[in-house]
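Inspection log for the structure reproduced underneath, given as structure tokens.
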Amino acid sequence: MKDLKSYIRTIPDFPSDGIQFRDVTTLFGNPAALKHTIDLLFGHFRNDRVQMVAGVEARGFILGGALACRLGAGFVPIRKKGKLPHQTVEESYSLEYGEATLEMHLDAFGAGDRVLLIDDLIATGGTADAAVNLIDHLGGDVVGAGFVVDLPDLGGSARLKSRCDKVVSLVTFDGE
Ligand code: AMP
């Protein structure tokens with residue numbers, strides 16, 4: 001099996017000039033690479049008694065759903081505003097340009113439940129920070145956060161570590 005990093009495609013200047021988009025659909029499309037990714041995340045969190053995996057729309061759904069099955073946990077979607085049908089909690093956060101809002105169902109899990117946050121990539125950490133706020137709002141215990149890709153120069157993973165004891169990423173890209 002090749003290095004996981006080699007399965008991630010980089011698209012320059014997407015969605016805007018200067019952004020190096022780290023495209024994990026090429027990793028998802030390779031059966032061995034996808035299985036290896038889930039195996040590695042499972043290995044990191046298998047002993048953390050995870051009850052719920054919270055995945056961030058949309059690539060976090062793919063990883064989080066597969067990982068939840070392996071961990072014997074439930075799955076909670078964290079979605080962009082306006083998509084969830086029942087009562088929600090919401091959290092707005094800043095993007096490079098403008099604002100975005102994430103939502104989670106108000107009854108997604110109970111207070112004290114052990115929740116693992118999953119997304120494909122952490123950059124500035126704004127998305128992860130908003131997701132942790134949502135989990136906190138419901139009284140969940142964030143036992144960890146897992147990502148395929150970390151862009152450490154953007155500082156998100158370092159920031160998240162001050163809120164969550166266990167932050168795991170499988171691949172690192174230096175620079176932006
Ligand atoms: P951030 O909130 O800055 O940590 O950005 C993380 C979210 O934006 C994740 O859901 C990623 O899927 C997406 N994202 C941010 N930067 C990139 C990038 N360079 N390549 C691919 N996805 C990205």
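Nothing fancy with the numbering, it's 1 onward along the sequence. In listed order, ligands and their atoms are each counted from 1.
- Heavy-atom separations between Gly125 and ligand 1 include at least one value shorter than 4.0 Å.
- For ligand 1, the atoms sitting less than 4.0 Å from at least one non-hydrogen atom of Asp120 are 9 (C), 10 (O), 11 (C), 12 (O), numbered in the order shown with element in parentheses.
- For Asp119, every heavy-atom contact with ligand 1 shorter than 4.0 Å involves the side chain, none the backbone.
- In this structure, the side chains of Phe28 and Leu63 come closer than 4.5 Å at one or more pairs of heavy atoms.
- The shortest separation from a heavy atom of Val56 to ligand 1 is not under 4.0 Å, leaving the residue out of contact.
- Arg22 places no side-chain N or O within 3.5 Å of a backbone atom of Ile8 that could act as its donor or acceptor partner.
- For Leu151, the closest heavy-atom approach to ligand 1 falls below 4.0 Å.
- For Asp120 (side chain) and Gly60 (main-chain N/O), no donor-acceptor pair under 3.5 Å exists by modelled atom type.
- Distances below 4.0 Å separate heavy atoms of Arg59 from the following atoms of ligand 1: 11 (C), 12 (O), 22 (N).
- Note: an N/O pair closer than 3.5 Å links Ala123 and ligand 1 by distance alone.
- The contact set between ligand 1 and Thr127, taken as ligand atoms under 4.0 Å from a residue heavy atom, comprises 1 (P), 2 (O), 5 (O), 6 (C), 7 (C).
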Candidate pair Arg163 and Val142, rule side-chain contact (heavy atoms from CB on, under 4.5 Å), full reasoning: CA-CA 9 Å; Arg163 302 195 65 187; Val142 184; over 6 Å; no
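- Arg114 CZ to Gln51 CD: the interatomic distance, rounded to the nearest 0.5 Å, is 7.0 Å.
- When atom types are taken as modelled, the side chain of Asp48 and the backbone of Val50 share no donor-acceptor pair closer than 3.5 angstrom.
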